[in-house]
There are 2 protein chains.
Amino acid sequence: MNIGEAASASGVSAKMIRYYESIGLIRPAQRTGSNYRVYGGAEVHLLRFVKRARTLGFSVDETAALLGLWQDKGRASGEVKAIAVNHIAALEAKIADLEGMVRTLKHLAHCCGGDDRPDCPILDELAGEARATKGH
Amino acid sequence: MNIGEAASASGVSAKMIRYYESIGLIRPAQRTGSNYRVYGGAEVHLLRFVKRARTLGFSVDETAALLGLWQDKGRASGEVKAIAVNHIAALEAKIADLEGMVRTLKHLAHCCGGDDRPDCPILDELAGEARATKGH
DNA sequence: ATAGACCTTCCCATGGTGGTAAGGTCAACG
DNA sequence: CGTTGACCTTACCACCATGGGAAGGTCTAT
């Protein structure tokens, strides 16, 4: 299997497969005589693992840790769970952050006429000139 | 006012002030004879505007647009509102994305003993070997 | 034999931010 | 007046993950 086929079979672009190899996330692929990378079912399986972890928002470093644990048959599931739980916390912090932004923006947009007049509470707030918002 | 003072007065690091100047987000500051950048109240005000916009998650490009509208006394508030509403949608999409990840991870973590045994549904799922999750 | 679809490596760009190094300037203190 | 230390200047490098493209080699089908 060439890198292109491995890419479409795994969902990881050829570009990224080479990148993951270059940073040591995955082992260098075998090569043909003409220097083409060769992949088999096991490699694609591994690439899919990587793909899923990345899709779940794990960083490449976290993915490397998960990969190591995956391949370590004697690992404790607690280690994996710890990574996952940490990651959940990080994601939730980010969500809370974004929600704060949305809340503020929605408030501002709600107070903004959005018409042709230049009167704009959104800009006023950004400029730090908060004005009475008509009691809302 | 030197750049350091402007930085602490505005909450934008000196580094970022120079960067914003270099990409044209803000106008080049005046200079003293010895080539130091000089800032006044108006510049700090503007930097604070930028800071707030960035804190609300607007990209530098969006911030530039908002800045332009802010300084255009005859602008229509509808233009600003459009940027804000767009941005709200983008943020909400990102939140939904992250929430999907959290949901999946929580489910997996819930099904994972997190003990010393190597049995780990999290890794199984990442590997694509979904197994019965005890009916949960 | 030739075309076209693939592969290889190498470099560049993104977006914001931080670091750091080498050098200039300024204020205060002795 | 000289030194010290805190500031400023520019110019790079790094991050993280990904995409783009160029220049050149290889394989397959016609």
Side-chain angles (χ1 to χ4, degrees), chain A residues 1-26 28-40 43-44 47-67 86-87 90-91 93-94 97-98 101, chain B residues 1-26 28-40 43-44 47-67 87 90-91 94 97-98 101:
Chain A
M1 213 185 326
N2 276 342
I3 196 172
E5 298 167 278
S8 48
S10 67
V12 181
S13 74
K15 205 86 186 177
M16 290 313 297
I17 295 176
R18 294 194 195 98
Y19 171 69
Y20 289 152
E21 186 185 299
S22 83
I23 62 171
L25 177 62
I26 61 181
Q30 282 188 310
R31 303 290 187 122
T32 68
S34 54
N35 206 28
Y36 280 25
R37 286 175 182 82
V38 184
Y39 299 89
E43 283 79 18
V44 169
L47 283 169
R48 267 207 286 255
F49 182 103
V50 169
K51 175 70 177 178
R52 295 193 196 204
R54 301 282 302 117
T55 300
L56 283 172
F58 288 100
S59 72
V60 170
D61 275 3
E62 287 167 325
T63 302
L66 290 172
L67 260 185
N86 254 350
H87 188 51
L91 290 177
K94 187 164 245 174
D97 229 47
L98 293 176
M101 295 179 198
Chain B
M1 211 186 324
N2 276 342
I3 198 172
E5 298 167 277
S8 48
S10 66
V12 181
S13 74
K15 203 85 189 182
M16 290 314 295
I17 295 177
R18 295 194 194 99
Y19 172 70
Y20 289 152
E21 186 184 300
S22 82
I23 62 172
L25 177 61
I26 61 180
Q30 283 188 308
R31 304 289 187 122
T32 67
S34 52
N35 207 28
Y36 281 24
R37 286 174 182 83
V38 184
Y39 299 88
E43 283 77 20
V44 169
L47 284 169
R48 266 204 287 253
F49 181 103
V50 171
K51 175 69 179 179
R52 292 193 200 204
R54 300 284 300 117
T55 300
L56 283 172
F58 288 100
S59 72
V60 169
D61 275 2
E62 288 167 325
T63 303
L66 291 172
L67 260 185
H87 188 50
L91 291 177
K94 187 165 246 174
D97 228 49
L98 294 175
M101 296 179 198

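To find a chain, count down the sequence lines: A is the first, B the second, and so on, and within it residues start at 1. Source: prediction; values computed, not measured. Reckoned from all heavy atoms, side chains included, excluding hydrogens, waters and symmetry mates.
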Can you see if the side chain of A/Arg31 gets near the phosphate of D/dG25 - specifically, an N or O under 4.0 Å from OP1 or OP2?
no
Return yes if the base of C/dG16 and the side-chain atoms of B/Tyr20 contain a donor-acceptor N/O pair under 3.5 Å, otherwise no.
no
Is there a side-chain contact between B/Val60 and B/Tyr20 (heavy atoms, below 4.5 Å)?
yes
What's the verdict on side chain to side chain contact (heavy atoms under 4.5 Å, CB included) for A/Tyr39 and A/Asn2, showing C-alpha distance, side-chain angles and the deciding distance?
CA-CA 6 Å; A/Tyr39 299 89; A/Asn2 276 342; over 6 Å; no
Polar side-chain atom of B/Arg18 near backbone of B/Ile3 as donor-acceptor pair, under 3.5 Å:
no
Can you measure A/Met1 atom CE to C/dC7 atom C1' for me and round it to whole angstrom units?
16 Å
Just the rounded figure in Å: distance from P of D/dT28 to CD of A/Glu5.
11 Å
Does a nitrogen or oxygen in the side chain of B/Arg37 sit under 4.0 Å from OP1 or OP2 of D/dT9?
yes
Protein-nucleotide distance (B/Tyr39, atom OH; D/dT9, atom C1'), rounded to Å:
12 Å
Please check the phosphate of D/dG20 (OP1 and OP2 only) for any side-chain N or O of A/Arg18 closer than 4.0 Å.
no
Any side-chain N or O of A/Arg54 less than 4.0 Å from the OP1 or OP2 oxygen of D/dT18?
yes
Report yes if a donor N or O on one partner sits less than 3.5 Å from an acceptor N or O on the other, where the partners are the side chain of A/Lys15 and the base of D/dG21; otherwise report no.
yes
Step through the shown structure and confirm whether more than 12 heavy atoms of other residues, nucleotides or ligands are within 6.0 Å of CD on A/Glu5.
yes
Quick one: is B/Ser13 getting a side-chain N or O under 4.0 Å of the C/dT17 phosphate, OP1 or OP2?
no
From CD1 of A/Ile23 over to P of D/dA14, roughly how many Å is that when rounded to an integer?
16 Å
Grab the two heavy atoms, one from B/Leu91 and one from A/Met101, that are nearest each other, plus how far apart they are.
CD1-CB, 3.8 Å
Measure from CD1 on A/Ile17 to C1' on D/dG19 and round the result to the nearest Å.
15 Å
If you pin A/Met16 and A/Thr32 to their nearest nucleotides in DNA chain D, which one's is more 5'?
A/Met16
Mapping A/Ser34 and A/Tyr19 to their closest nucleotides on DNA chain D, which lands nearer the 5' end?
A/Tyr19
Rounded interatomic separation in angstrom, taking CG from B/Asn2 and P from C/dA27:
9 Å
Nucleotide C/dC10, atom P - distance to CD of A/Glu21 in whole Å:
12 Å
Expressed in angstrom and rounded to an integer, what is the separation of B/Tyr36 atom OH from D/dC8 atom C1'?
4 Å
